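This report refers to the structure that appears directly beneath it.
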Amino acid sequence: MKPMLPFTRPSIDEQTIGEVAEVLRSGWLASGPKVKAFEAALSDYFGGRPVRTQTSATAGLEHALLACGIGSGDEVIVPAMSFVATANVVVRVGARPVFVDVELDSRNIDLDRVEAALTPRTRAILPVHFAGLSVDQDRLYALAERHRLRVIEDAAQAMGSSWRGRRIGSFGDLVCFSLHPNKNITSIEGGAVVGGSPEEVRELELHRFHGQVKSGPDEADTLFAGGKANLSDVAACVGLGQLKRLEEFNARRRVLAARYFELWGGDPPVRLPARGDEGHNWHMLTVLLPLDRLALTRRQFIEAMAERGIGVGVHYQAIHLFSAYRAMGYHEGQFPNAERIGRETVTLPLFPAMELTDVDRVVEAATDILRGAVR
Ligand SMILES: *Cc1c(COP(=O)(O)O)cnc(C)c1O
C-alpha cells in the first residue's frame, strides 16, 4: 500500500528548522527582530508597501475593516462561497455581510452582480482571489472608485499570484494574506496586511497590541481596548525561510496543475476550474463532481479516494447556508453557483513536494471511481 497522499502539506526545509532552533535559544520568542525582518522582507516583495503581520489572516481582515472605520450599521459585499472567515470578520466588527454569488469556474465574486447588491450603507467590497486566481482587479477597483467603496482584499490564498503581471498586494487598498500551514507559504499560523494609509497602518498596529502606544521607556498610553494578534519571532523565522522558497513552490504548483489539465484534456469526468494565466499560484485544485449523473455521493467519492490512499478536501460550502447566516435571513436558492459549488466541489492533492506521478495516480483513481459510478 502506497503512503497516504494528503490534499496538501507544507514543505519546511532543514535550514529553517535550524534557524527556528536558534530563535528558541536566543531567549527572544515573541515579537522582536525576526518579526521586523519578516515584515521588511514582505514589504520588499510587495514593492515597498507597508506590511503589518498578524497572528492570522482572520485577525488581519478584522483589523483591516476596523482600520477603515467599518462597523455597526455598515454593509460589506462578500462572495457567498469562500472560507467562512471572509464573512465572519464582517460580522465580528458589527457590520452586515451582503453576499453576492460567485462565478462557477473561477469561483470568484461575480462582479456583474455587485452593483445590484449596493445600498447607501455599503462601505466596502471584500473579494477573495479564490485558489490564488486573481479577480479582475481593473473592474473591481473601477467599480469601487465609482461608488466610493474601500476594497479589503481577502488574498489569504493569493501569495505570489498576480493580475496582468502585477503582483497581488503590490497595489490596491488593504490586502490580507494568510500564512496558515495549508497556504502557499506558512509561518505556522500568521497573516499579513499589505497597504493602507499611514493612519490605517497605525490602526493595524494598535489593534494587534492592546491599543497601546509607548510614550517613553517608563510609560505607555492605551488609546482604546485593542486586541492581541502580534506574530511571534518563532513564527516570523519560519515565514522568512518560507518566503525564500515562494517562487519555487509556486512554479512547482503550476507544473502540477498543468499535469491535471493535460491528463484530463479530452472529456474529463469532473468540471475543471478556470485555468487563469501564469499569474495563478495554484493554491488549490478544486473540481466539481457531476453528482446528478452519478450513482455516488460526494462523501462516497471522498471515502473511495481515501481507500486508495488519497486525501480529498472540500473548499468550501456556501457561507449563507450556515446556521449563523440563515439566522440573518439568508436562505437556499439565493446564490445558485455558490450552492452548487458547495454541494459538488472537491479539492484534489496539490502541494510542492508532490511528484508528477502522484498527479497521475490521483487522476487515475478519480477517473476510475467516477466512470464506474455513471448512471
Ligand atoms: C485561509 C483563509 C482565511 C483565513 O486565514 P487564517 O490565516 O487561517 O485566519 C480567510 N480567507 C480565505 C479565503 C482563506 O482561504
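Just so you know, ligand 1 is whichever comes first in the structure, and atom 1 is the first atom listed for that ligand. Because the structure is a prediction, the values reported are computed rather than measured. All values below come from the heavy atoms of this structure, side chains included, with hydrogens, waters and symmetry mates left out. Nothing fancy with the numbering, it's 1 onward along the sequence.
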Salt bridge Asp74-Arg96, side-chain N to carboxylate O under 4.0 Å: no

Sidechain N-carboxylate O distance under 4.0 Å for Asp233, Lys34: no

Centroid separation Tyr45 to Phe177 less than 6.0 Å: no

Between SG on residue Cys176 and CZ on residue Arg52, distance to nearest 0.5 Å: 13.5 Å

Pair Asp110-Asn337, side-chain donor/acceptor within less than 3.5 Å: no

Heavy-atom closest contact (Glu278 atom, Arg254 atom, distance): O-NE, 3.0 Å

I'd like a table of the close N/O pairs between ligand 1 and the protein (anything under 3.5 Å), one pair per line with both atom names and the distance.
from, atom 1, to, atom 2, distance (Å)
ligand 1, 5 (O), Ser178, OG, 3.3
ligand 1, 7 (O), Ala57, N, 2.9
ligand 1, 7 (O), Ser178, OG, 2.7
ligand 1, 9 (O), Ala57, N, 3.3
ligand 1, 9 (O), Thr58, N, 2.9
ligand 1, 9 (O), Thr58, OG1, 2.5
ligand 1, 11 (N), Asp154, OD1, 3.3
ligand 1, 11 (N), Asp154, OD2, 2.7
ligand 1, 15 (O), Gln157, NE2, 2.8
ligand 1, 15 (O), Lys183, NZ, 3.1
ligand 1, 15 (O), Tyr316, OH, 3.3

